Amino acid sequence: MTIDYNTLTVPQATQLQKEMKDKIVLSPFTGKINYVAGTDISFDKFSTHVYAGITVLSFPDLKPVAYSLIRKEVHFPYVPGYLAFREVPALLDAWEQLELKPDVVVLDGHGIAHPRRMGIASHFGVLINRPTLGCAKKKLYGIYEEPAENAGAWSVLYDKQQQPIGSVLRTKNKIKPVFVSPGHLTDIADSRQIVEQCITKYRLPEPTRLTHNFVNQFRLGALEAGFHRL
DNA sequence: GCGACAG
DNA sequence: ATCTTGTCGC
């Protein structure tokens with residue numbers, strides 16, 4: 001599958017999402033996790049470049065073992081529901097130069113918890129054909145009831161037809177919950193359990209949190225582009 | 001027409 | 001996402 005992300009229009013992007021939707025595989029996550037990865041994007045306010053990063057952590061101890069950083073020019077604007085078309089190109093480059101491939105990737109955004117069930121986690125997962133899941137800080141689509149205020153509490157995120165599309169998970173006591181949904185090659189329950197196992201002392205899972213730190217240092221010039229082993 | 005709206 | 005300091009609460 002070859003996608004020209006540079007001259008794509010939103011209507012064409014919508015059509016692509018509808019076509020890609022049928023390629024998503026939602027199955028229980030089987031096998032052992034030795035490595036989990038996180039992804040993130042950062043950019044300067046009025047720049048046409050984005051800074052992308054992927055961090056690989058050992059599992060279940062969650063220690064960073066390697067990371068990939070890359071800067072790339074982007075043309076697609078940020079439009080709610082089309083985040084993948086803006087961030088995936090850079091993430092694919094970072095993925096290709098990642099010498100150590102993880103067993104599952106945590107994306108900063110949604111998976112199937114999307115108007116057309118094609119959030120960035122599903123989009124990226126289908127393209128790399130690997131297990132992925134989305135963990136977002138805010139809801140994009142769906143209906144839910146607030147989970148209890150204790151860490152570990154969660155509720156189901158439903159679409160307009162009352163079909164489950166993800167989980168609203170409280171990762172810390174009395175702190176705003178995160179929105180977890182499967183991307184590709186995993187399901188709702190397993191994607192939630194994986195995120196729970198990636199929580200230490202912060203609201204966001206370690207893969208996402210550490211990658212955000214690396215990418216920001218990269219954007220500020222404190223780290224170099226490329227693949228790095230720790 | 002109004003409200004919602006990942007990063 | 002990014003622009004930005006201190007401040008309130010557990």
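Source: prediction; values computed, not measured. Every chain is numbered from 1 and lettered A, B, ... according to where its sequence line falls, protein lines coming before strand lines.
- When all heavy atoms of A:Pro207 and A:Leu57 are compared, the pair lying nearest together is CA-CD1, 3.7 Å.
- Across all non-hydrogen atoms, the minimal contact from A:His184 to A:Lys23 is CE1-O, 3.3 Å.
- Across all non-hydrogen atoms, the minimal contact from A:Phe214 to A:Leu223 is O-CD1, 3.5 Å.
- With no hydrogens or angles considered, a side-chain donor-acceptor pair links A:Gln15 and A:Glu19 at under 3.5 Å.
- Side-chain contact check for A:Tyr82 and A:Thr14: at least one donor-acceptor pair (N or O, by modelled atom type) lies under 3.5 Å.
- Residue A:Lys174 is out of contact with every strand shown, counting any heavy-atom pair closer than 4.0 Å.
- Surrounding NZ of A:Lys101 are more than 12 heavy atoms belonging to other residues, nucleotides or ligands, all under 6.0 Å away.
- Contacts between residues 191-216 of chain A and DNA chain C, defined by a heavy-atom separation below 4.0 Å, involve A:His212, A:Asn216, listed by number.
- Between A:Arg219 and C:dT2 there is a side-chain N or O to OP1 or OP2 distance below 4.0 Å.
- Stretches of at least 3 consecutive Watson-Crick or G-U wobble pairs, with each checked distance under 3.5 Å, do not appear in DNA chain B at all.
- Note: A:Phe76 and A:Phe85 have tilted aromatic rings, judged against thresholds of 30 and 60 degrees for the angle between ring planes.
- Nearest approach of A:Ala94 to A:Ser68, heavy atoms of both residues: O-OG, 2.8 Å.
- If you check residues 128-138 of chain A against DNA chain B, the residues with a heavy atom closer than 4.0 Å are A:Ala136, A:Lys137, A:Lys138, listed by number.
- At least one side-chain heavy atom of A:Arg71 sits less than 4.5 Å from a side-chain heavy atom of A:Tyr51.
- A:Asp108 has its CG atom 7 Å from the P atom of C:dA1, to the nearest Å.
- With respect to the salt-bridge test (charged N to carboxylate O, under 4.0 angstrom), the residues A:Asp103 and A:Lys32 do not qualify.
- Residues A:Leu169 and A:Val195 come closest through the heavy atom pair CD2-CG1, 3.9 Å.
- Residues of residues 35-43 of chain A having a heavy atom closer than 4.0 Å to DNA chain C, listed by number: A:Ser42, A:Phe43.
- Checked by atom type, the side-chain pair A:Glu145/A:Ser155 shows no donor-acceptor distance below 3.5 Å.
- Of the residues in residues 68-89 of chain A, not one comes within less than 4.0 Å of DNA chain C through any heavy atom.
- Atom NZ in A:Lys176 sits roughly 19 Å away from atom P in C:dG9 (whole-Å rounding).
- If you check the side chains of A:Asn216 and A:Ser42, you find a donor sitting under 3.5 Å from an acceptor.
- Counting heavy atoms of neighbouring residues, nucleotides and ligands inside a 6.0 Å radius, atom NZ of A:Lys139 exceeds 12 of them.
- Side-chain atoms of A:Val104 and A:Leu133, non-hydrogen and from C-beta on, do get closer than 4.5 Å to each other.
- When all heavy atoms of A:Tyr202 and A:Thr171 are compared, the pair lying nearest together is O-OG1, 4.3 Å.
- With hydrogens and angles disregarded, no donor-acceptor distance shorter than 3.5 Å links the side chain of A:Ser181 to the backbone of A:His110.
- A 4.0 Å heavy-atom criterion places the boundary nucleotides of DNA chain B facing chain A at B:dC5 to B:dG7, written 5' to 3'.
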ask   = Checking side chain to side chain contact (heavy atoms under 4.5 Å, CB included) for the pair A:Tyr141/A:Ile165: CA distance, chi angles, key distance, verdict?
value = CA-CA 9 Å; A:Tyr141 178 80; A:Ile165 54 176; 4.0 Å; yes

